[in-house]
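Scroll down for the structure; my scribbles are underneath it.
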Amino acid sequence: DWEEEVGTAFRVDQLIAGDFRFDWTGPNDASFLLWCRQDKENLYFAIVGRDNIIVEPKGDKKGDRFEFWFEVQDARIPTVMMEVPLWPAVGNGQAELTYKHGRSGKVPGAQAALSERKRGEGFFLEVSIPIKEIGGDVGFAPIKFSAVQRD
């Protein structure tokens with residue numbers, strides 16, 4: 001049970017990068033709690049997210065999504081971003097990770113499963129990402145990453 005790993009004191013209540021006016025004009029209600037683990041081959045993330053409405057893409061709007069930004073060892077591509085759509089939490093619960101910065105296409109071997117919490121409260125997201133997809137064998141070196149919830 002991921003939620004017993006860490007107390008809720010680590011909740012990110014608000015993190016705004018850049019000028020939020022260009023991204024969203026609705027209520028500032030999104031937040032998340034994240035846990036991370038790894039084994040020899042994969043990184044595992046569990047995220048409990050708060051959001052009053054999970055929005056699907058419509059027109060030029062991208063919809064709600066979660067991003068993982070990784071600092072990699074390749075000097076030509078110092079940062080790689082992987083994106084997970086959140087709207088499948090309302091439907092079938094399976095989502096596909098895609099590269100959106102540094103590389104393109106589906107992330108090979110990555111998996112994501114979502115479920116909606118009580119209606120209007122948000123989502124639970126579990127993600128598995130092969131370490132080789134963020135730069136290969138990292139050994140005991142720390143993996144530098146950022147996690148962003150787009151509302």
Side-chain angles (χ1 to χ4, degrees), residues 1-18 20 23-24 26-57 61-73 78-151:
D1 185 0
W2 285 91
E3 289 199 56
E4 293 181 6
E5 294 290 318
V6 179
T8 56
F10 290 93
R11 177 171 294 281
V12 177
D13 285 322
Q14 180 179 4
L15 176 62
I16 297 175
F20 70 93
D23 295 326
W24 179 243
N28 186 15
D29 66 339
S31 68
F32 64 91
L33 181 61
L34 177 141
W35 295 269
C36 180
R37 288 192 162 194
Q38 77 177 78
D39 61 21
K40 189 174 181 178
E41 297 175 357
N42 296 290
L43 288 178
Y44 302 98
F45 297 94
I47 296 105
V48 176
R50 184 178 63 195
D51 191 1
N52 66 332
I53 300 172
I54 299 173
V55 179
E56 292 187 45
K61 297 187 189 256
K62 293 184 177 183
D64 292 354
R65 59 207 182 279
F66 205 88
E67 299 171 354
F68 295 98
W69 291 82
F70 296 99
E71 195 174 296
V72 298
Q73 301 297 321
T79 306
V80 170
M81 189 266 273
M82 299 173 187
E83 182 178 280
V84 184
L86 295 176
W87 56 90
V90 180
N92 66 13
Q94 297 299 312
E96 191 172 87
L97 274 81
T98 55
Y99 289 113
K100 295 295 183 181
H101 178 80
R103 300 179 187 151
S104 61
K106 293 184 346 184
V107 180
Q111 298 178 26
L114 289 137
S115 60
E116 187 175 25
R117 295 168 70 201
K118 185 177 171 187
R119 188 88 177 153
E121 289 187 5
F123 61 91
F124 184 70
L125 169 63
E126 291 181 278
V127 178
S128 171
I129 300 172
I131 291 173
K132 67 182 180 181
E133 297 304 323
I134 60 165
D137 182 14
V138 294
F140 290 105
I143 298 171
K144 296 178 182 176
F145 74 93
S146 296
V148 179
Q149 179 180 348
R150 299 285 185 185
D151 185 26

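The residues of the chain are indexed from 1 along the displayed sequence.
Residues Pro130 and Pro108 come closest through the heavy atom pair CG-O, 3.4 Å. For the pair Leu86 and Leu114, the tightest heavy-atom approach, listed with the atom from each and the gap, is CD2-CD2, 3.8 Å. Closest approach of Thr79 to His101, counting heavy atoms only: O-CD2, 3.3 Å. Summarising the geometry of Asp51 relative to Ile54, their closest heavy-atom pair is OD2-CA, 4.3 Å, with the distance given to 0.1 Å. Here the closest non-hydrogen pair linking Gln94 and Pro88 is O-CB, 3.4 Å. Nearest heavy atom pair, residue Ile134 against residue Leu43, reads CD1-CD1, 3.6 Å.
Relative ring orientation between Phe45 and Phe145 is described as perpendicular, the plane-to-plane angle rising above 60° on a 0-90° scale split at 30° and 60°.
Not counting sequence neighbours, Phe123 has no partner by the ring-ring contact (aromatic ring centres under 6.0 Å, His included) test. Every residue meeting the side chain to side chain contact (heavy atoms under 4.5 Å, CB included) condition with Pro57, not counting sequence neighbours, appears here in chain and number order: Trp87.
Summarising the geometry, atom CD1 belonging to Ile129 is positioned 11.0 Å from atom OH belonging to Tyr44; distances are rounded to the nearest 0.5 Å. Between the OG atom in Ser146 and the CE atom in Met81 there is a gap of 11.5 Å [rounded to 0.5 Å]. The distance from atom CD of Gln111 to atom CD of Glu96, rounded to the nearest 0.5 Å, is 11.5 Å. Atom-to-atom distance recorded for Glu133:CD and Arg103:CZ is 6.5 Å, nearest 0.5 angstrom. In this structure, CG on Asn42 lies 6.5 Å from CD1 on Ile131, to the nearest 0.5 angstrom.
A side-chain contact (heavy atoms from CB on, under 4.5 Å) with Lys100 holds for exactly one of Glu67, Met82, Lys62, Glu83; it is Glu83.
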Query raised in the report: Could you walk me through whether Phe66 and Phe32 pass the ring-ring contact (aromatic ring centres under 6.0 Å, His included) check?
Result: CA-CA 10 Å; Phe66 205 88; Phe32 64 91; 5.1 Å; yes
